[in-house]
Amino acid sequence: MVYRILVASYTNEIYTLVFDPEAPSLELVSTVTVGHHPSWLTPHPKDRSIVFTGIEQSDGKIVALKFDAEGRGAVIGEVPSGGADPCALVALETELIIGNYSSGRFVAVPITTDVSQVFGSSRSTLQFDGTGPNKDRQESSHPHQVIPHPTRDELLVPDLGSDKTRRLVRETSGEWVEQGTVPYKAGSGPRHVAFHEDVLYTVLELTSELSAHRFPPLPSEPTLLDTISTMQTPPPLPLPPRCSRRRSSCRRLIRPSRHRTSTEANDGKIGRVAEVRSHLKHLRGMEFGGPDGRWLIAGGVHGGGVRVFERVDGGKGLKQAAEIELAAPTGFLWL
């Protein structure tokens, strides 16, 4: 069996790769030009052949594409993102949620599976405010992810600029409103979150840390369980600016940096499992795929191309299976 994988990038293109585990090999089979820095991809939950991306520019734009069985894509629609630099998207059943990084604006746009009119005309907007002590990175609100809770009708929005994750719920009118937050220490810069059972894990970009919170339903408040460095030998603070993206739905949380760090919670504490050198420069994005998340694809936005690793040693280690040179990869979507 071969796998087709879409690759977001800091170019003007979205790539399609074919990964053959038997060879093993990675092959570039298609590209589609969409505009400046299509860095994030999210599929339509009712039709995974429809994929949305954000064009990261001051007058942000959202592009919808339709992919055929071979992974060849064509643009079927586009709308303004309602803000600047839409770096995070998630498609729900009937709406696309957008996080505009530079303008701090949350936007919800209706979507359908009709390729002739995939976007609706109405939209709702929330303007976020807030700052942090890091004057270079926290001069205003910077939503860096929009992610639904797996079992509750709640959206979480990590805000790197204001050191909090915002908790949004839907009112009876259908509008999203902020009902709570998960606070972090000043200057930590929450970037991405992931869930496992009743624990919320957060990657803190500006301090290179990982935190764990007990995360009960609203109106209860979260409780901090632990915070650890994502590196065995962390550099002294302040850290240089970095931009690493972590996406994971498995038990172990993966934090991209120069290495791969894997951690898991144990009695409320986070225990380090392993650290594996990726040989990728500025590891920007990665995604598990295949049966039981056997394969991990990762890319270096500043060098090293794209590599696929096999999970070994019960998931504690990684063994490289295939690689390909590719310009500025930032994210992945297994079709």
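Since this is a predicted model, take the numbers as computed values, not measurements. Keep in mind that the numbers below use all heavy atoms, side chains included, and drop hydrogens, waters and symmetry copies.
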- Query: Are side-chain heavy atoms of Thr223 and Phe215 found at a separation under 4.5 Å?
  - Reply: no
- Working for side chain to side chain contact (heavy atoms under 4.5 Å, CB included), residues Arg214 and Val199: CA-CA 5 Å; Arg214 191 74 65 196; Val199 176; 3.5 Å; yes
- Could you please spell out the steps behind the salt bridge (charged side-chain N to carboxylate O under 4.0 Å, His left out) verdict for Glu78 and Lys61? CA-CA 7 Å; Glu78 61 180 59; Lys61 185 167 61 175; 3.5 Å; yes
- Message: Within the structure provided, determine whether Ile297 and Tyr3 are in side-chain contact (heavy-atom separation under 4.5 Å).
- Response: no
- Item | Test side-chain contact (heavy atoms from CB on, under 4.5 Å) applied to Pro38 and Val63, Leu65, Ile55, the passing residue | Ile55
- Item | Interatomic spacing from CG in Leu335 to CD1 in Ile5 - rounded to 0.5 Å | 8.5 Å
- Message: Before you tell me yes or no, could you show the steps for Ser141 and Asp159 under side chain to side chain donor-acceptor pair (under 3.5 Å), namely the whole-Å CA-CA distance, both residues' side-chain angles and the distance that decides it to 0.1 Å?
- Response: CA-CA 6 Å; Ser141 170; Asp159 189 336; 2.6 Å; yes
- Close side-chain approach of Phe52 to Val118, heavy-atom, < 4.5 Å: yes
- Taking every heavy atom of Pro216 against every heavy atom of Pro222, the minimum-distance pair comes out as CD-CA, 4.0 Å
- In the hydrophobic clustering (ILVMFWY, side-chain contacts below 4.5 Å, transitive), which residues join Leu218, or is it alone? Val169, Val177
- Task: Considering only NZ, NE, NH1 and NH2 on the basic side and carboxylate oxygens on the acidic side, decide whether Arg170 and Glu95 come within less than 4.0 Å.
- Result: yes
- Are Glu178 and Arg167 ion-paired here, with the side-chain N under 4.0 Å from a carboxylate O? no
- Query: Salt bridge between Glu154 and Arg152, side-chain N to carboxylate O under 4.0 Å?
  - Reply: yes
- For side chain to side chain donor-acceptor pair (under 3.5 Å), just list the numbers for Asp114 and Ser116, CA-CA rounded to whole Å, side-chain angles, deciding distance to a tenth of an Å, and then say yes or no. CA-CA 5 Å; Asp114 181 355; Ser116 67; 2.6 Å; yes
- Neighbour count >12 (heavy atoms, 6.0 Å) for atom CD, Glu22: no
- Does Glu310 reach the side chain of Arg294, with side-chain heavy atoms less than 4.5 Å apart? yes
- Item | Partner of Ser211 under side-chain contact (heavy atoms from CB on, under 4.5 Å), chosen from Leu224, Val193, Ile270 | Leu224
- Within the side chain of Asn100, is there an N or O that forms a donor-acceptor pair under 3.5 Å with the backbone of Ser81? yes
- Message: Can you list everything that forms a side-chain hydrogen bond (donor to acceptor under 3.5 Å, both in side chains) with Asp153? Sequence neighbours excluded, please.
- Response: none
- Message: Please confirm whether the ring centroid of His196 lies under 6.0 Å from the ring centroid of Tyr201.
- Response: no
- Given side chains that start at C-beta, do those of His44 and Val51 come closer than 4.5 Å, heavy atoms only? no
- Evaluate side chain to side chain donor-acceptor pair (under 3.5 Å) for Asp47 paired with Thr113, printing each intermediate quantity in order. CA-CA 7 Å; Asp47 183 351; Thr113 55; 5.9 Å; no
- Item | Interatomic spacing from CZ in Arg4 to OG1 in Thr16 - rounded to 0.5 Å | 9.0 Å
- Message: Does this structure show an ion pair linking Glu205 with Arg137, if we count only N-O contacts that are shorter than 4.0 Å?
- Response: yes
- Query: Transitive ILVMFWY cluster of Trp176 at side-chain heavy atoms under 4.5 Å: who else is in it?
  - Reply: Val90, Leu92, Ile97, Phe106, Leu126, Phe128, Val146, Leu155, Val157, Leu168
- Query: For Glu323, which residues count as a salt bridge (Lys or Arg N to Asp or Glu O under 4.0 Å) partner, sequence neighbours excluded?
  - Reply: Arg307
- Side chains of Ser9 and Ser39: does their closest heavy-atom pair fall under 4.5 Å? no
- Message: Are there over 12 heavy-atom neighbours, none belonging to Asp292, within less than 6.0 Å of that residue's CG?
- Response: no
- Message: Are Ile14 and Val7 packed together at the side-chain level, in the sense that at least one heavy-atom pair is separated by less than 4.5 angstrom?
- Response: no
- Do Tyr15 and Phe332 have side chains that get closer than 4.5 Å, going by heavy atoms? no
- Message: Closer than 4.0 angstrom, basic N to acidic O: yes or no for Lys185 and Asp163?
- Response: no
- Task: Would you check if the distance from the ring center of His213 to the ring center of Tyr184 is below 6.0 Å?
- Result: yes
- Query: What heavy-atom pair brings Gly104 and Pro143 nearest, and what distance separates the two atoms?
  - Reply: CA-CD, 3.5 Å
- Nearest heavy-atom pair of Pro158 and Thr165: which atoms, and what distance? CA-OG1, 3.6 Å
- Query: Going through the distances and angles, do Thr202 and Leu210 end up as a side chain to side chain contact (heavy atoms under 4.5 Å, CB included)?
  - Reply: CA-CA 6 Å; Thr202 308; Leu210 176 72; 5.9 Å; no
- Message: The test is side chain to side chain donor-acceptor pair (under 3.5 Å); show your working for Thr33 and Glu13 and say whether it passes.
- Response: CA-CA 4 Å; Thr33 300; Glu13 280 77 41; 3.0 Å; yes
- Item | Considering all heavy atoms, the nearest Gly305-Leu280 contact | O-CD2, 3.5 Å
- Check the angle between the aromatic planes of Phe19 and Trp295 and answer parallel, tilted or perpendicular using the 30° and 60° thresholds. perpendicular
- Item | Under 3.5 Å side-chain donor-acceptor pair for Ser25 and Glu27 | no
- Item | All side-chain hydrogen bond (donor to acceptor under 3.5 Å, both in side chains) counterparts of His302, not counting sequence neighbours | His282
- Message: Side-chain heavy atoms under 4.5 Å apart, restricted to Ile/Leu/Val/Met/Phe/Trp/Tyr: what other residues fall into the cluster of Val18, or is it alone?
- Response: Val2, Val29
